[in-house]
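Heavy-atom basis, side chains included; hydrogens, waters and symmetry copies ignored. For clarity, every value in this text was computed on a predicted model and none was experimentally measured.
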Amino acid sequence: MANNFSVIETSLSDATSTTIVSTTSNKQIVVGLNIANTGSSSIDVDVVVNDGSNNFNVVKDVSIPVNSKVEIIKGKLVLGSGYSMTAQSSASGGDCDIIVSLLTDVA
């Protein structure tokens with residue numbers, strides 16, 4: 001099976017947990033995760049990985065100043081079959097853009 005690179009780009013629209021990556025039958029490898037603050041005040045962001053039944057924090061309450069970005073994952077994070085990754089901002093309007101770089105269809 002061929003490995004493919006892909007990118008997911010999303011903006012959070014409110015302060016609720018939003019799924020940004022979900023896997024199906026094959027693993028995916030996150031090779032980059034960047035979050036940019038697009039609002040007018042500092043925000044705190046959580047990123048959580050769920051293995052199908054348990055949540056694990058990738059980052060908790062990471063503070064991102066106005067007009068700044070944070071590189072959350074610089075190395076690699078393997079997401080197994082059935083895993084998901086969610087993000088949540090402290091801002092009521094979300095106020096952040098997220099870009100995830102992935103290696104998909106990993107057997």
Exercise for review: Count the heavy atoms belonging to other residues, nucleotides or ligands that lie under 6.0 Å from CG of Asn67, then report whether that count exceeds 12.
Suggested key: no
Review point. When rounded to the nearest 0.5 angstrom, what distance separates CD1 in Ile72 from CD1 in Ile35?
Key: 4.5 Å
Review point. For the residue pair Ala15 and Ala91, what are the closest heavy atoms and their distance?
Key: CB-O, 3.3 Å
**Study point:** NZ/Lys27: more than 12 non-hydrogen atoms of other groups inside 6.0 Å
**Key:** no
Review point. Under 4.5 Å between side-chain heavy atoms, hopping through other hydrophobics if needed: is there a path connecting Leu102 to Val58?
Key: yes
Point to revise | Contact summary for Gly39 and Val66, nearest pair of heavy atoms | key: O-CG1, 3.6 Å
Exercise for review: Would you confirm whether Ser101, through its side chain, and Gly32, through its main-chain N or O, come within 3.5 Å as a donor-acceptor pair?
Suggested key: no
**Study point:** Matching residue for Val21 among Leu77, Ile8, Ile98, Thr10 - test: side-chain contact (heavy atoms from CB on, under 4.5 Å)
**Key:** Ile8
Practice item. Go through the steps for Thr19 and Ser84 under the test side chain to side chain donor-acceptor pair (under 3.5 Å), then give the verdict. Key: CA-CA 7 Å; Thr19 300; Ser84 63; 5.4 Å; no
Practice item. State whether a side-chain donor-acceptor pair under 3.5 Å links Ser81 with Thr23. Key: no
Review point. Which of these passes side-chain contact (heavy atoms from CB on, under 4.5 Å) with Val47: Leu33, Thr86, Val62?
Key: Leu33
Review point. Got a second to check how far Thr24's OG1 is from Tyr83's OH, nearest 0.5 Å?
Key: 14.5 Å
Practice item. For Asp95 and Ser89, test the side chains for any donor-to-acceptor distance below 3.5 angstrom and give the result as yes or no. Key: no
**Study point:** Evaluation steps, side-chain contact (heavy atoms from CB on, under 4.5 Å), between Glu71 and Ile73
**Key:** CA-CA 6 Å; Glu71 186 174 9; Ile73 296 176; over 6 Å; no
**Study point:** Heavy-atom pair of closest approach, residues Cys96 and Thr38
**Key:** N-OG1, 3.5 Å
Study note, to complete from the structure: Looking only at heavy atoms, the pair that brings Val31 and Lys76 closest together is CG1-CG, 4.2 Å
Check your understanding: Does the side chain of Phe56 reach to within under 4.5 Å of the side chain of Asp51, using non-hydrogen atoms?
Key -> yes
Practice item. Start with the C-alpha gap between Asn37 and Ser68, add the side-chain angles, then the distance that decides, and say whether side chain to side chain donor-acceptor pair (under 3.5 Å) holds. Key: CA-CA 6 Å; Asn37 182 344; Ser68 298; over 6 Å; no
**Study point:** Smallest separation among heavy atoms of Val30 and Met85, with atom names
**Key:** CG2-CE, 4.0 Å
Study note, to complete from the structure: Nearest heavy-atom approach of Ala87 to Ile20 is CB-CD1, 4.2 Å
Practice item. Enter the distance from Lys69:NZ to Ile64:CD1 here, rounded to the nearest 0.5 Å. Key: 10.0 Å
Check your understanding: Do Val7 and Leu103 sit in the same hydrophobic cluster, where Ile, Leu, Val, Met, Phe, Trp and Tyr count as joined when their side-chain heavy atoms come under 4.5 Å apart?
Key -> no
Practice item. Spell out, yes or no, whether Val100 and Val59 are grouped together once hydrophobic residues are joined by side-chain heavy atoms under 4.5 Å, including indirect joins. Key: yes
**Study point:** CA sep, side-chain torsions, deciding dist, call: Asn26, Thr104, side-chain contact (heavy atoms from CB on, under 4.5 Å)
**Key:** CA-CA 8 Å; Asn26 290 320; Thr104 61; over 6 Å; no
Exercise for review: For Asp46 and Lys60, indicate whether the former's side chain and the latter's backbone hold a donor-acceptor pair under 3.5 Å.
Suggested key: no
**Study point:** Sidechain-backbone polar pair: Gln28 side chain, Leu79 backbone, donor-acceptor under 3.5 Å
**Key:** no
